[in-house]
Amino acid sequence: QSFVMSPSSILSLAWCLVEGFLLLLDLVTIPLVVFEEGETMFNAALKVLGFVFWTCDLVLGFFKGFIKRNGEVETNVRKTAKAYLRSGFPADLALLLIEWWAFSMWVLRASFGWEQFGKLLRVLRYGRYVNVENLTKLNRLTRRLRGRGRTQEATAICRICSHLVGILMLCHLFACAWCGVGNINVHNPHRWPVEYKAEKGMQSFGFRYMLCLQWALSQLGFGSTFIHPQNGMESAFAVLVAVSCVMVMALWLGEIITIMMRIQEGKREFHDNKLRMQKYITQHKISFDLQDRLWQVLKVAAEDQHRITEQAVPLVNCLPSTLQLELRAEVFIPVLTQHPFFGMYSVSDADPRAMYNLLRKNALSDLLLEDGYEVFSENEVAEGMLFVAVGCLRYHFKYKWTDVRKSQWLSEASLWFRWEHAGQAVAASACELVVLDGTRFRQIMYADLPESHKYARAFCQYAKRKGSRMSDALPDIDALNVMAEDLFCPAKAFELCKCWPRVCKQLNEWQPTDLIDWQTLWTTPWTESHSLSNSALIATMTTEMKREIILFYQTLFSQNLAERPLFDWPSEVERELFDKRIIFLKRFVICLIVCNVYCVEREHGINKHPWPYPLASVLCHGGRALLRLHGVQSR
């Protein structure tokens with residue numbers, strides 16, 4: 001499956017772009033054979049490129065994934081090859097044989113009438129446009145490009161431009177066909193090229209092509225021309241082109257009118273409300289200053305109405321359940337995983353059914369709010385957690401306003417227990433929220449992720465410690481990270497080897513180099529939130545023990561190193577006191593080494609076990625060591 005190209009991948013898009021480019025070039029260059037111009041470097045390069053590309057495309061067709069009727073992507077090599085053999089392979093093989101024959105005729109410069117046969121083969125390459133698969137690819141490509149339009153007006157402009165390009169290509173075909181009709185019977189003097197002196201050799205290629213293009217445009221009603229048919233065949237062709245142009249113009253104008261009507265329908269409601277507002281302002285004689293401010297706010301509100309919610313798209317309900325889940329996942333999961341709990345859950349080895357059911361059972365929904373809308377007020381019962389996807393909220397708590405911006409959230413407590421809002425939230429601008437229903441969340445977690453009770457218990461302890469300081473907005477992200485890490489990636493046991501200071505080319509933790517290193521050694525990583533998590537406690541113990549080992553070494557032994565500069569003591573008294581303490585500590589450590597250190601699991605316990613940690617840790621955290629030296633005097 002790793003060799004199969006997904007239909008939505010970047011490589012597939014690039015291949016489709018090259019394919020569309022070559023098809024358009026064929027559409028432009030193949031009809032130009034009627035002008036019987038000589039070979040150019042561009043034409044030669046185009047033939048070589050087309051020969052190589054279409055040969056590779058035939059082989060690559062066996063490794064192109066496709067989208068099944070239920071929306072799933074098929075990437076199995078056997079199935080993609082079997083589907084290609086049944087669908088596009090026969091037509092592609094026939095067209096590739098034509099391509100090979102035409103390329104061979106061009107390389108060998110064949111004579112005896114084979115050049116005309118080669119031109120006929122070039123015309124047969126138009127069979128690529130009859131191939132339904134190629135038309136589907138071009139349609140998908142144009143749909144992707146049109147989908148880049150962020151507004152309805154931009155999409156409409158893209159559609160109109162694509163129709164204009166189509167009309168120009170049709171005029172190009174009509175122009176080349178008009179030239180070909182005029183040159184069918186070169187011995188007939190009653191032909192339009194003879195009448196208007198536009199035969200080969202009399203005028204340049206550019207003049208003849210522009211003359212034919214002007215005639216084709218005039219058939220659509222764009223300008224006039226002085227060229228007219230001179231025989232029956234030319235008249236019949238002109239009538240056929242005129243009928244075709246009438247049909248094309250009718251379809252094109254109908255499409256443009258439909259596009260403009262859709263745009264107007266989208267704006268009709270706003271314009272009706274605008275007229276009512278204008279009438280209201282006029283009746284009550286509102287001041288000009290207030291009018292200007294009102295219209296400015298309404299203008300901003302109209303610009304912010306481009307976003308729509310899932311409930312406003314009925315076609316979503318027509319999709320299969322699997323596609324609906326994938327669509328909801330791409331909409332909601334990027335917003336949800338900004339929170340530490342969901343972010344670590346999404347990348348952990350925990351059972352993903354809970355996240356799957358959050359999407360399937362509609363526990364998540366999106367909500368559009370206008371500027372100034374009150375989201376909730378103080379003492380209201382919270383129904384769920386709110387994530388800010390677009391825009392900004394303002395949260396008021398204890399006489400202080402706080403901005404809640406994109407990728408932030410409110411009311412997480414409502415997920416774990418009954419919670420009343422501690423403050424007020426107001427939309428500071430037009431914004432979009434993702435709402436996670438608290439009741440459905442608890443039901444899903446209880447059924448599919450029972451281990452989440454560990455996070456819930458830690459969060460409840462955190463809320464109890466906060467007390468009256470607990471608000472809907474939690475700025476303490478570190479505490480949330482600690483609780484989430486303890487649930488999804490806990491440290492299961494204390495590892496003594498991680499306490500050992502590291503030594504490498506760029507780093508020697510035994511030797512602090514500057515003031516910042518010394519300040520780090522003398523500080524502690526402990527915070528109150530670490531008591532919420534066993535893994536945080538273990539990480540804190542590991543860091544503390546490593547720092548104390550370094551300090552112990554620097555205090556007792558580093559002065560004995562030969563490369564260590566001598567310390568300049570302020571007075572001899574301080575040096576004597578330091579030496580006495582160091583001598584005592586060194587003798588004490590030697591005593592611990594010789595006599596061994598034991599510990600008990602409980603206070604006043606009897607069962608002794610060897611001390612499993614470095615001896616330096618005996619003296620850390622202000623701990624006390626009870627010494628029993630059998631047969632050794634205390635001095």
Side-chain angles (χ1 to χ4, degrees), residues 12-35 37 40 42-43 45-47 49-50 53-54 57 95 122-123 125-180 205-206 208-225 237 240-263:
S12 177
L13 177 61
W15 192 266
C16 287
L17 285 173
V18 177
E19 189 173 5
F21 174 73
L22 290 178
L23 287 173
L24 290 177
L25 280 180
D26 282 346
L27 185 64
V28 173
T29 57
I30 291 177
L32 294 179
V33 298
V34 300
F35 290 93
E37 286 299 311
T40 62
F42 177 76
N43 289 336
L46 182 61
K47 290 176 181 177
L49 178 62
F53 179 83
W54 296 119
D57 184 68
L95 292 171
R122 290 189 64 190
V123 175
R125 286 162 57 191
Y126 264 121
R128 296 193 187 278
Y129 295 92
V130 184
N131 192 343
V132 178
E133 186 178 357
N134 287 334
L135 293 178
T136 304
K137 291 176 184 177
L138 290 177
N139 186 28
R140 188 187 306 155
L141 183 60
T142 54
R143 187 170 62 249
R144 279 190 183 183
L145 296 178
R146 285 201 306 265
R148 297 295 181 182
R150 299 208 176 253
T151 63
Q152 191 176 8
E153 291 82 358
T155 305
I157 292 174
C158 292
R159 291 180 65 89
I160 293 173
C161 291
S162 63
H163 287 299
L164 284 175
V165 172
I167 288 177
L168 287 177
M169 295 306 300
L170 185 63
C171 291
H172 169 74
L173 295 176
F174 284 159
C176 295
W178 178 245
C179 178
F205 162 74
R208 290 185 293 140
Y209 175 75
M210 296 306 296
L211 202 63
C212 296
L213 186 61
Q214 182 190 12
W215 177 86
L217 289 171
S218 66
Q219 304 306 305
L220 289 171
F222 301 109
S224 59
T225 181
F237 180 77
L240 180 62
V241 170
V243 173
S244 302
C245 289
V246 170
M247 297 174 61
V248 170
M249 289 301 296
L251 294 174
W252 184 56
L253 291 175
E255 182 71 19
I256 291 179
I257 292 173
T258 303
I259 293 172
M260 299 306 296
M261 287 181 64
R262 288 176 181 173
I263 295 175

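Bear in mind the structure is a predicted one, so any value in this text is a computation, not a measurement.
The ring pair (Phe, Tyr, Trp, His ring centres under 6.0 Å) test applied to Trp178 returns Trp192, Trp215, not counting sequence neighbours. Take Val18 and apply the side-chain contact (heavy atoms from CB on, under 4.5 Å) test, not counting sequence neighbours, and it matches Leu22, Phe53. Evaluation of the side-chain contact (heavy atoms from CB on, under 4.5 Å) rule for Leu170 yields Phe174, Val248 as partners, not counting sequence neighbours. Looking at residues two or more places apart in sequence or on another chain, you find a side-chain contact (heavy atoms from CB on, under 4.5 Å) between Ala177 and Phe237. With sequence neighbours left out, Leu213 forms a side-chain contact (heavy atoms from CB on, under 4.5 Å) with Cys171, Ala175, Tyr209, Met210, Leu217.
Within a 6.0 Å sphere centred on CZ of Phe21, heavy atoms belonging to other residues, nucleotides or ligands number 12 at most.
If you take CD on Gln219 and CD on Gln214, they are separated by 11.0 Å, rounding to the nearest 0.5 Å. Separation of atoms CE (Met261) and CD1 (Ile256) is listed at 14.0 Å; rounding is to 0.5 Å. Atoms CE and CD1, from Met249 and Ile167 in turn, are 6.0 Å apart once rounded to the nearest 0.5 Å. Between the CG atom of Leu173 and the OG atom of Ser244 there is a distance of 11.5 Å, given to the nearest 0.5 Å.
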>> Would Leu251 and His163 count as a side chain to side chain contact (heavy atoms under 4.5 Å, CB included) here? Give the steps.
In response: CA-CA 10 Å; Leu251 294 174; His163 287 299; over 6 Å; no
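Between Leu32 and His172, the closest side-chain pair of non-hydrogen atoms falls below 4.5 Å.
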